[in-house]
Structures are given as structure tokens and as C-alpha cells.
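Handing you a structure now.
Every value quoted in this text rests on a predicted model; they were computed, and no experiment measured them. Atoms considered below: every heavy atom in the structure, side chains included; atoms not considered: hydrogens, waters and symmetry mates.
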Amino acid sequence: MGSVATVAALPWWRRISVRFEVLTACVVVLAMLLLTALMAYQLSTSARQAIMTASSDSAQRIGQLISERVHRIVDPADATLRLLAFDPISSATSLAQRLHRLPVLVRLLQQNKLLSAVYVGYPNGQFLLVRPLRNAALRARMDAPENTAFLLQSIAQEQGRGAPLVGRFYFYDAQLKLLATSIRPDYHFDPRTRPWYAEVVQSKTQILTTPYVFFTTQEVGVTLSQPSEEGGAVLGLDVALTDLGHEIGNLRLMPRTEIAVLGQDLRVLAYPDMSRVLHYDGHQTRMSPLSELGVASLQTLYAQGVPQGESRRFEAQGEEWLGQVQPLQSPRWSNLKLLLAIPTAELLVDLNQTLRRQVLYSLGLLALLLPLGWMAGRRLGRTLTDLAQQAHALAQFDFRRPERATSSVREVRELGLVIDRMSDAIEKFLHISCHISAESRLDVMLSNVLYELVQASICSSGAVYLVDSAGSSLERNARYCANPEEQPLYPEQLGMAHFINYAQPQTGDSEAAPDTPDAPAQQVLRVQLHTRGGQPLGLLVLRHVQDQRGGNGHFRAFVEQLSGTLSVAIETRNLIEGQRKLFDAVIRVLADTIDAKSPYTGGHCERVPQLADALMQRMCDAREGPFAEVSMTEAEMYEFRLGAWLHDCGKVTSPEHIIDKATKLETLYNRIHEVRMRFEVLWRDAQLDGYQQQLAGADPAQLQQQLQARQAQLQADFAFVAQSNVGGESMAAADVQRLHAIGAQCWQRYFDDRIGLSRAEHERLRDVPPPALPTTEFLLADRPEHIVPWGTRRPPVEADNPANRWGFNMDLPPQEVHLGELHNLAVRRGTLTDEDRFKINDHIVQTIILLSGLPFPPHLARVPAIAGSHHEKLDGSGYPRRLKGEQLTLADRVMTLSDIFEALTASDRPYKPPKTLSEALAIMARMVKEQHIDAEVFRFFLHSGVWQDYAQRFLPAAQLDHVDLKAIEQLLET
């Protein structure tokens, strides 16, 4: 009805319609015009394609001709070289014998004008070369007489075997008359060092070099070399390829055709104008690469990366060209290419004239066919009824027909109205798909989908029920009723019978009312929602009007298909939510496990994330101040929470006896008991010594006095050692010296300390020879077995360690463990040695390594960074990466502050008493000045009240003292 009203509201000129026959006739005429244009275009395209194809075939034939030309150049030289391998010159041992074979070599050069030189290399370093001097420039280069036709270059032992090699040039005329000879002292040439000799000796077969510029003749050519039949000498020929460029110039299809032959290294081997190929650089001539040839069409063709054998059109200097790259097939050389570029304007000059004539013929034919077009248009109008019927099928949820635009044709008007309705329905269905794919909250998604479905379809109301957790009933999750009076039809809960017997009427369904204009009959449609495995998920209930549109099976089929998509969406969200809950639970279990490892740090992994989360949430809620612009999405906040909960997950690798180390000598137990037992031994030794001296006749009174003094000293020494073991205040240098003095006292051991040990203890004593018993030992000592080296367990935390792929930058102690008694007792502050401290700090290294190995999805990619940066400091002195302030994110700074505040106020640390709130905040203020904590984050922490909420939840009343915020802020300024 809405579309009819819209048409009625249009101006009168918009409501005018025309007969379909008239419109169709006009369309037919236009179609014929278009057909004529298409025919002309097709003719042009086909002709162009034919010409391009013919040009491509020609390019292939050119490539074959050039390949054959290369064979005609090289193959005669190949045959000549094979015959020469049997010539006596290869076994000649003297210069005279070699000169005797000069006519044979000259005849070879005369028979093949492409030969630039023939030469022989001998195993003893001697060499003979004959070269034709065919032009005056070459004779001038070689300082040859005017009538010289041949040059013979010799390196030989002219004075007999064992004599030094002599380099000599011989100049002959065309009749081999010697014109001049000269010794060349600077002519040193050892053929055995040349590639053409060495490769033949190694391969024992003929070789052919890639084309290059001959140094002497400045020609482009190749070298063939082959071992003699006897195998003692190597013969070689230089073959010039000078005529190859002229040859390809005669093969051009059009006057402006560009052709070039390229080698593997993109050097130009042949071009019609060889003067552009050869360049003289200083003292030698080289072949130009394609980039220096100066032919833009060939350069552009190669840059296009055209596959070999394929034709392609391209633009070069504002002109269209047809290009092709053809491989030159040669059994001797690989990767030779033929580049061919033809301007398309020369190819298509005749085609354009033919095309103009064809267009004139087509226009004449069109004038004759116009009456036929009119008659055909009238006949096409009869198909309108069929199109309307197809449109009705579309409106009944049968989407097998294409969408059609609105028309002003009278017969098409009804079809347009139906299409309008269908478009509205499709738009609603698209909204449904959008809600299913985009909305993450299940209840919101179901409500939106239900609303769109009811609005887009013939339904008046509907509801979605999901199976409860016990699987015993259906609970309503979404409901929409266009008429609020229908809401009671959808109760909060349904029995599972509605799901099982979904196709049958159920108790509570409204009876179908009489079909009247005011109250049309309704039907209840139920569709099961289940997982891909067949498990029940819920029920989709819809009420729709019983009429012609909803009475067939199309609507039910559509709802059933939609319910499948809806079921997948529900199942997916349930799975995601379940996985997220499982992931959170695993993280909580890990944190609880770490806390449970130590009775002294229990709750740390739980308190820090709660404090960090509260502080970050306050920052996101701030509307003024430096953090007014801070905001985090739900996914970002979840990522931050995960990083906070995992910030100490590396502590699963930390030894408990180090984390809980309450005294300096504590390992798995407090070793002060061993030290006390040694004092006990010294006490007994003092008594026994007194008794022995008394038996020897010493004064008992004096001995008693000495014994009491000795025992008093032992009591004092042990009390000092025991007090040093506790830690507490820092030790002075004098205290350390006294420890060493006490430790220097000796006692006697009678029992073997190598029995009853573990394998590891035996390994540490392997290089320590056992002393003879009884042996004297120091009261306190750092013994070899106290030191455990890193070995293969050396962690990759040093910046220069190749295995450090996490960016760690930490100082590594010299050994993994140092249990030396003096070493531990001499700790100046606290109870931890440098080795213990590294083990404590190593937990953050393990945190990063462990988390970096987990396949976090993209929205959780920063979890390892958040969890592993809370021990960094703004001044770069933190660990494990020594990051500076500009490298730390807000999340890192919040985590650092939270971890420090929890550590200062914790009451379960064995090595320090808990701090009150005022003490903890004062210490943190000093840490701000020392660039350990971010100042803005700390100020926000002070004034946000997060610390107060935390204290009320986790701190005992004894720590909740008065905090003077102004005094704390003054500490930041002073």
C-alpha cells in the first residue's frame, strides 16, 4: 500500500506511462544501433588480434632464424676445431715444428672469415697463436708492417728444453712471406692459467664460452677450446659474431621494428646498429647492457616482465608498441633472449581504413532494418505477464529471480510494486545477517534478529527460547510483539515438550480465530535451534497471519534456513564464552599456584591485578587532568587484565628456597646449624686440649682460665655469625673482615665427605682431589663444591647473546649458584646474593619467554609485553630490557606502580616488615624522584583513592595509619 500511495503522490508528468510496444520498439532500434557498434568493435578487435597474433608468430620465426644463424656461425668453427685436434701441431715440441704447420692454420682462417684467431696451449706453458689482421686499424694496434696479413704470436723455449720462455711476434703477408719478427720481452702469457685451457683440462671435452668483446679485435665473439687427440695440448678458436647484428636488422617486420639479442647478464649481444652496443671504457671495450642501449621501447618491454613467448602491448614514450620476448634455443648457451618491439600504429594502418568502410556499410543496413525492429518490439510486449508472475514468486520468499528496477511502463508498474516490497524484506534480512555477525552479546543479538525478522516478514510477534543449563526446560531470552497484547502468549519458561514436539500444537497456543478482515487467522511456527552436533540449543517461535503469502512452504523453508545460521551464531558465542571462562580460570589457577608455592608471598598474584585493574579503570573514567583522553575498549581492558594476572607467571620456575630465603645461609634448610656444629667441635676441642695439657703437668687454674676465655670467644664469634646470618641492617666493611677472621679458624675432620652424595655433588667435586684424613678445614669457607657453573643452562639475557630474541639486557652473574658460606654471610644488605637476586629477577625473563611462546590472538597480542614490563624504570635501569620512559606504555607504568605498592604493603615477606600506608607512599614518592615510577601516574594514584580502597580490602588495621597527601606531594617537589 505504501508504494501505491507513493505513486499517487507523484506529479502528473511522473504518473504518465507509455505503451510497452512503443517503448520496446524504441529499445529494439537502440539495440540494433548498439549491435552495429558492437560489430564494428568486434571487427576491430578481431582484426587487431589477428594482426597481433601474426606478429607474434613472425617474432617466433625470427627467433628461430636467429638461433639457426648462431648455429651456422659456431658449427663450422666447431668442425674446424675437431679436425685441428688431430693435427701434428698439438704434439710439436719446438717452435720450428709449430711454424711448419703455419700454412694449415692460415688456411683455416681463410676458409672461415668469422674466425678471429686460432691458438694452441701446451702443458709446459708454451703458446702459439695465429691471428688475421684484416684491417689497417688492427695492424696499427699490433705495430705490424703495412702489408701484414697474419700475425703469429709465440711463447716457446727457443734454445731447447729447459731454456727460458721467449715471447716473439712474427708478421706475414698474404703469401706467408715473413715481413718482420720481434722479441717481445713484455709478452708474458701462460695459457694454463686461462679459463679456456683450465676448463678443458678438467672436463676433457670441448667448451664454449659466453659471448664477450675480444681485446685485440674489439669484436663480439665466443671462444671454443678442445683437448688435442693425444690430450697433451689444448686448441682454441675465437669466433666473431659481428654479422649477427646485421642479420637481425634484415629480419625486421616494419621499418621501425626494434630487435635485440640479450645474454644472461642482460648484455646486448646483437643489435642492427652494433656501434651502439660496443663502448670503449678507458683501456677496453665492453658490451653495453640493455639500460645503456638507449632504446626506450626495448627497455620498457623488458621492465614489463613479459613471459617468454607471450605478446603484450605497452606504452613507451607516449606511443603504443607490441612487444614479445622469445628464447633463443641453443644447446650450448642458456638464457639467450630475443626482444622484439613493433609500433602498433604501423601494424594497424590498413585496419583503420577498412573499419571506416565497414561502419558506412553497417549504417546503410540499419536503415533497412528499422521497420523490422518496430514489428519485433510489438511482439515482445506479450512477455510482460510472464515477468509479473516471476515477480510474485520473488515476493513469496522464492529468491530464484533477479531484482528489477522501477519502470514507468504501464504493464511493468505492478512488477515494480512487488519489487519494492521485496527490497524492503531483503534490507531487513541484511540487517539480520549484520546483527548475527557483528553483535557479540548473545541477548542483544537475539533481540535484534527477532525484531528484524518480525518486521521484515508476515509475522506479528515472536520469541527465542534457549535451553537452560540443566537441559530440563526452555528459558525465554528474547521477545518482540508488534501488539503488546500478545506478550502473555510467550511465558518466561517452556517445557522441553515444546522443543521435542515443535511441529505439533502445544498447550497454550491460541486457537485460530475466524478469518475476518479485522482479525485474520494466525498460525504458530516453531523451529528448533540445535548445534552442529545435534544437541538442542533452543526454540524459535513465530506467529504469522494465515494468508496466501504465508500458507506455502517458502516462508517455513526460509525460517528454517535462518534458524541454522542463528544456531551457529548461538553455538559459536557459547563456545567463545566457554573458552574465555576456561582461559580465565586457567590463568587464575596459575596465579593461585604461584601464590601457593610460597607461604610468604601468597596472594601477590591476585592482589596486583586487582589493584592495577582498579587504577586503570579510574583513569578511563577520568574526565579531566592528564588522563582525560585515556580510554580502553572492552577488548583492550581484557587484554590488560590478562597481562596483570600473568605478570608473575614466570615464578613457577623460581626456586622456593630463594623466594622464601629468610637467612643468608638458607638453601633448602638453614645451614647455620652446620656452622653451629663446627663451633661445638671447637668447643670440645678446647676442652680436650685443656685435659691433655693438664695430664702433661700444666697448671690447672691457668688452663681453666684459658678454656673459659676460649669458650667465651667461641660464644661471641658464633653469636656474631648467627646475627650476620639474619640479614637486617647493612654490614660494614669491618664486619666482613671479622667474618673472614672467624672463618679462618680451623677444625679437624675425620670422616669422608665424598660418600652419601648425589650425582650433582659428585660432579662438582670431580676436579677437587680428596684430602688425606684426618684433614684440617676452615670454620667458614667458600669451597669448590659451593659453586655451580652455568654450563648449558646459561640463560639468554645478555644483549650480545645470539639466542636472545626477546631484547633482554641484563647482567649475568659469573656462576649459576654460589653457596659459599663467607660469600653468603658477607651480603651487605638483605639475605640475597647476586646469584640469588638474578634468580629472583629471572622470573620476569621466564614470564616473557613463556608468554611469547603462546599463540595469543591479535586482540591479546600485547599480553606478554604488559606482563613483562613491570620491573622497568623510567631511567632505563630496570630489567629485563632496560627500557626507558619513552618506551613504556601507560599499561606498563600502571603495572609497575601496582607491583611496587603491593610489595611495600605486603605483610607476608620473610625478609622485611610490612610498611604502613604513609611509609609506603613516601617511599614511592622518592622512587618517583629517582625515575623509577611515573610521576603523573603516581599523582593520579594518590588523588584517585584507589590505594584507600585497596587498603580497606587487603591490609590489616596496624598498617592503616594517617596519610598526609600534602606531605607526600612535597616529597615529589623537594
Candidate pair Gln493 and Ser473, rule side-chain hydrogen bond (donor to acceptor under 3.5 Å, both in side chains), full reasoning
CA-CA 7 Å; Gln493 197 172 54; Ser473 63; 3.1 Å; yes
Closest non-hydrogen atom pair, Ala644 against Met895
CB-SD, 3.6 Å
Is the backbone N or O of Cys481 less than 3.5 Å from a side-chain atom of Gln487, with the two atoms forming a donor-acceptor pair by type?
no
To the nearest 0.5 Å, what is the distance between CG (Asp934) and CG (Leu890)?
8.0 Å
Measure across Thr653 and Gln846 and return the closest heavy-atom pair with its distance rounded to 0.1 Å.
OG1-CG, 3.2 Å
Kindly determine whether His843 and His871 satisfy side chain to side chain contact (heavy atoms under 4.5 Å, CB included), including the steps that lead there.
CA-CA 11 Å; His843 83 276; His871 286 295; 3.5 Å; yes
Any side-chain heavy-atom pair of Leu904 and Ile900 under 4.5 Å
yes
Main-chain N/O of Asp621 paired with Arg623 side-chain donor or acceptor, under 3.5 Å:
yes
Rounded at 0.5 Å granularity, tell me how far CZ in Phe938 sits from CG in Leu972.
5.5 Å
Against Tyr879, only a single residue in Asp842, Asp811, Asn841 fulfils side-chain hydrogen bond (donor to acceptor under 3.5 Å, both in side chains); can you say which?
Asn841
Is there a side-chain contact between Leu860 and Glu639 in this structure, where contact means two heavy atoms from C-beta onward sitting under 4.5 Å apart?
yes
Verify, without hydrogens or angle tests, whether Lys661 (side chain) and Thr831 (backbone) share a donor-acceptor contact under 3.5 angstrom.
yes
Ser944 side chain to Phe941 main-chain N or O, any donor-acceptor pair under 3.5 Å?
yes
Can a donor-acceptor pair be found, under 3.5 Å and without considering hydrogens, that links the side chain of Gln887 to the backbone of Lys884?
yes
Would you say the side-chain atoms of Glu872 pair up with the backbone N or O of Arg882, donor to acceptor, closer than 3.5 Å?
yes
Stepwise side chain to side chain contact (heavy atoms under 4.5 Å, CB included) test for Ile923 and Met927:
CA-CA 6 Å; Ile923 293 173; Met927 295 179 73; 4.2 Å; yes
Is there side-chain contact between Leu611 and Phe954, with heavy atoms separated by less than 4.5 Å?
no
Residues Glu816, Lys839; criterion salt bridge (Lys or Arg N to Asp or Glu O under 4.0 Å); working and verdict
CA-CA 8 Å; Glu816 181 180 6; Lys839 278 293 184 182; 3.4 Å; yes
Within a strict 4.5 Å, meaning less than it, do heavy atoms of the Val937 and Met619 side chains meet?
yes
Side chain to side chain contact (heavy atoms under 4.5 Å, CB included) between Ile866 and Val863: does it pass, once the steps are laid out?
CA-CA 5 Å; Ile866 295 172; Val863 166; 5.7 Å; no
Spatial distance of atom CD1 (Ile968) from atom CG (Leu921) [nearest 0.5 Å]:
5.5 Å
So, the side chain of Arg893 versus the backbone of Leu888: is there a donor-acceptor pair under 3.5 Å, distance only?
yes
Within a radius of less than 6.0 Å around CD of Glu629, do more than 12 heavy atoms belonging to other residues, nucleotides or ligands occur?
no
Verdict with reasoning, Arg805 to Ser852, per side-chain hydrogen bond (donor to acceptor under 3.5 Å, both in side chains):
CA-CA 11 Å; Arg805 56 187 177 88; Ser852 298; over 6 Å; no
Do the side chains of Leu832 and Val827 get nearer than 4.5 Å, heavy atoms only?
no
To the nearest 0.5 Å, how far apart are CG in Leu942 and CE in Met924?
8.0 Å
Of the non-hydrogen atoms in Pro536 and Val467, which two are nearest, and what is the gap between them?
O-CG2, 3.8 Å
Grab the two heavy atoms, one from Trp645 and one from Pro609, that are nearest each other, plus how far apart they are.
CD2-CG, 3.6 Å
Min side-chain heavy-atom separation His943-Glu969 under 4.5 Å:
yes
Minimum side-chain heavy-atom gap Leu615-Phe940 below 4.5 Å
yes
Tell me whether Asp836 contacts the main-chain N or O of Thr833 through its side chain, where contact means a donor paired with an acceptor under 3.5 Å.
yes
For Phe808 against Val845, the heavy-atom pair lying closest together
CE1-CG1, 3.5 Å
Over-ring placement of Arg618 relative to Phe627, 6.0 Å and 45° cut-offs:
no
Is there a side-chain contact between Pro880 and Val797 (heavy atoms, below 4.5 Å)?
no
Taken to the nearest 0.5 Å, the spacing of Asp613 CG from Arg641 CZ works out to 4.5 Å
Residue pair Arg939, Glu973: steps toward the salt bridge (Lys or Arg N to Asp or Glu O under 4.0 Å) verdict
CA-CA 12 Å; Arg939 285 192 177 92; Glu973 303 298 333; 3.2 Å; yes
Main-chain N/O of Arg476 paired to Glu492 side chain as donor or acceptor, under 3.5 Å
no
Step by step, work out the salt bridge (Lys or Arg N to Asp or Glu O under 4.0 Å) result for Arg543 and Glu486.
CA-CA 10 Å; Arg543 292 178 180 270; Glu486 295 185 13; 5.4 Å; no
Asp875 side-chain N/O to His932 backbone N/O, donor-acceptor pair under 3.5 Å:
no
Looking at Ile844, Thr847, Asp892, Val608, which one forms a side chain to side chain contact (heavy atoms under 4.5 Å, CB included) with His870?
Ile844
Just verifying a value: how many Å separate Leu917 CG and Thr905 OG1, rounded to the nearest 0.5 Å?
7.5 Å
For Ala799 and Asn809, which heavy atoms make the closest approach, and how far apart are they?
CB-OD1, 3.7 Å
